[in-house]
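All figures in this text were calculated on a predicted structure; none of them were measured in a lab.
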Amino acid sequence: YYNNVSLPALFYKRNLNLNSELIVDPNYISLKDQIRIRGYSVSKDSKYLAYQFSRNGSDWTEIKVVNLENKDHIEDHLTNIKFSGINWKGDSFFYSKYPKGDKYSTTKSEEIYYHKLRTSQQEDQLIFKRNNPNYQFYVNVTSDEQFLILKEYNIANDKSNIFIIDYNSVNPTLKPLLMNLKEDVDIIESRNGKLIARTMLNSNTGYVVEIDPSDPYNLKAIIPEYEKAVLLEIKPLKEKIIAIYQYNQRPIITVYDYTGNLLYSLEMPVGHSVGGFSGNMDDTELIFYLTAYTLTRVVFKFNTIDSKITLFQHTTVTFDYKDILT
C-alpha cells in the first residue's frame, strides 16, 4: 500500500492451471513515489519480462527487466520514455524516447532505440528519427522475429509510411515497404516470409491481406470486406486467422483459413465487447475476455484446434444489476 492506496501489481502463471506468482510489486520500487505499472512485454523465449512504470501520475515512464526463471530484476533501467511500446527481438528490445524539456513543453521529435540486455541506456542504438517533429512512430516485431515493422505517421498531412527490416536477408537494413498511405495498413504478423495485415485501403469496414515484401503494392486479399461488419482486430495463427467483427451492436468471433474459408463463427450478446487472444502463432489455447456495462470481465479459454470455448475465470460483484438494461 502507498498512503493507504492499493497499487496494482504484476502476477504471472507458468501454466494456466497453476496459481499466480507475484513478479512485480510497485510498492517495493519506491517508498516516496506512487508507482503505477503502465505496460509490459515478455521476450519471445519467455525468459524475460520488461515492464514500464510511471511515478506520481506522470506520462514519463521507466523500464525495468525481470528474469522470469528466478524472478530477480537484472540491472537494466531505462528512463525518459514516453508513449512507448516494448518490442522484443532475441535478448534485446525496441522502445520510443523523446527529448525531455521542462514540464510544460510539448512531446515531439520521437526517436526509436534498440536496447540490448545488461547494457547501459547510453549504449542503446538509435534506429530511426526524423528532423520533422510532427512524425509519430509505431513499432512491431513479428513473432518469428524475421521482420521489424516501423510505421511512421505524419500528423500534418494525415499520411503514413511503412518500413521493414528483414533479418533473414543478406544485409538487414531498414527499407521502405508502403509509402504515402492515406488509409491504415496494420501489419500484425508474418507467415512463410509474407506479411499479414488488417487494412482499410479502399474500404469502409476493413479486410485482411497478405503482403509480399518483394511486391508490396500487390496486396492479396485473404479475408474479404463485409459491407456491414467492421473488422476490429485479427490474430493470425499458423494455419488459421481469428478475426473479431462488430455487427449490429455486437461482436462476432470468427475463424478463417488462409484461403478465406469461414471455419467458425460465434455472435456475442448485444452491447458486449471481447478482447485478448494474445499468444504465439502455434499456441493451441488462447485467452480472451467478454465484458459489458453490466458484466464484469469474464475470461475464457479458446481452443485454436476445434474452436471450443470454456470458462476460465470471472469476477463476482456485490451489487444487483438484473434491473439494469443496456
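The existence of a salt bridge linking Asp257 and Lys240 is excluded, since no basic side-chain nitrogen approaches an acidic carboxylate oxygen closer than 4.0 Å. In summary, Arg191 and Glu239 engage in a salt bridge, as defined by a charged side-chain N under 4.0 Å from a carboxylate O. Between Asp158 and Lys182 there is a salt bridge, since a side-chain N of the basic residue sits under 4.0 Å from a carboxylate O of the acidic one. A salt bridge links Glu21 with Lys71: at least one charged nitrogen is closer than 4.0 Å to a carboxylate oxygen. Checked for salt-bridge contact, Lys116 and Asp91 meet the test: a charged N lies under 4.0 Å from a carboxylate O.
Hydrophobic clustering (side-chain heavy atoms under 4.5 Å, transitive across Ile, Leu, Val, Met, Phe, Trp, Tyr) keeps Trp88 apart from Tyr12.
Summarising the geometry of Ser20 relative to Phe11, their closest heavy-atom pair is CB-CB, 4.0 Å, with the distance given to 0.1 Å. Across all non-hydrogen atoms, the minimal contact from His272 to Pro251 is O-CD, 3.2 Å. Residues Arg36 and Pro8 share a closest heavy-atom pair of NH1-CD, 4.0 Å.
Residues Leu177 and Leu195 are in side-chain contact: their nearest non-hydrogen atoms beyond the backbone lie under 4.5 Å apart.
Between the side chains of Gln146 and Asp166, at least one donor N or O lies within less than 3.5 Å of an accepting N or O. Checking Asp45 against Ser43 by side-chain atom types alone, a donor-acceptor pair falls below 3.5 Å. A donor-acceptor pair shorter than 3.5 Å cannot be found between the side chains of Ser143 and Asn280. Side-chain N/O atoms of Glu62 and His77 include a donor and acceptor closer than 3.5 Å. Between the side chains of Ser58 and Asn56, no donor-acceptor pair is found at a separation under 3.5 Å. Under 3.5 Å, the side chains of Ser54 and Arg38 contain a donor-acceptor pair of N or O atoms. When only modelled atom types and interatomic distance are considered, Tyr153 and Asn161 share no side-chain donor-acceptor pair under 3.5 Å. Ser96 and Glu110 form a side-chain donor-acceptor contact under 3.5 Å, judged by distance and modelled atom types alone.
The six-membered or imidazole ring of Phe128 lies near that of Phe137, with a centre-to-centre distance under 6.0 Å. Annotation: Tyr28 is not in aromatic contact with His73 [ring centroid separation under 6.0 Å not met]. Under the 6.0 Å cut-off for aromatic ring centres, Tyr289 and Phe300 do not qualify, their centroids lying 6.0 Å or more apart.
When each of Lys151, Glu152, Met179 is tested with Ile162 by the rule side-chain contact (heavy atoms from CB on, under 4.5 Å), just one qualifies, namely Lys151. With Ser214 as the fixed residue, the side-chain contact (heavy atoms from CB on, under 4.5 Å) test singles out one of Asn218, Ile211, Asp212: Asp212.
Taking the six-membered ring where the residue is Trp, Phe302 and Phe277 present perpendicular rings, their angle passing 60° and hence far from 30°.
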**OP:** Could you walk me through whether Tyr167 and Phe147 pass ring-ring contact (aromatic ring centres under 6.0 Å, His included), step by step?
**Re:** CA-CA 6 Å; Tyr167 289 103; Phe147 294 99; 8.7 Å; no

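Note that Lys97 lies in the cation-pi zone of Tyr113, set by a 6.0 Å cut-off to the ring centre and a 45° limit from the axis.
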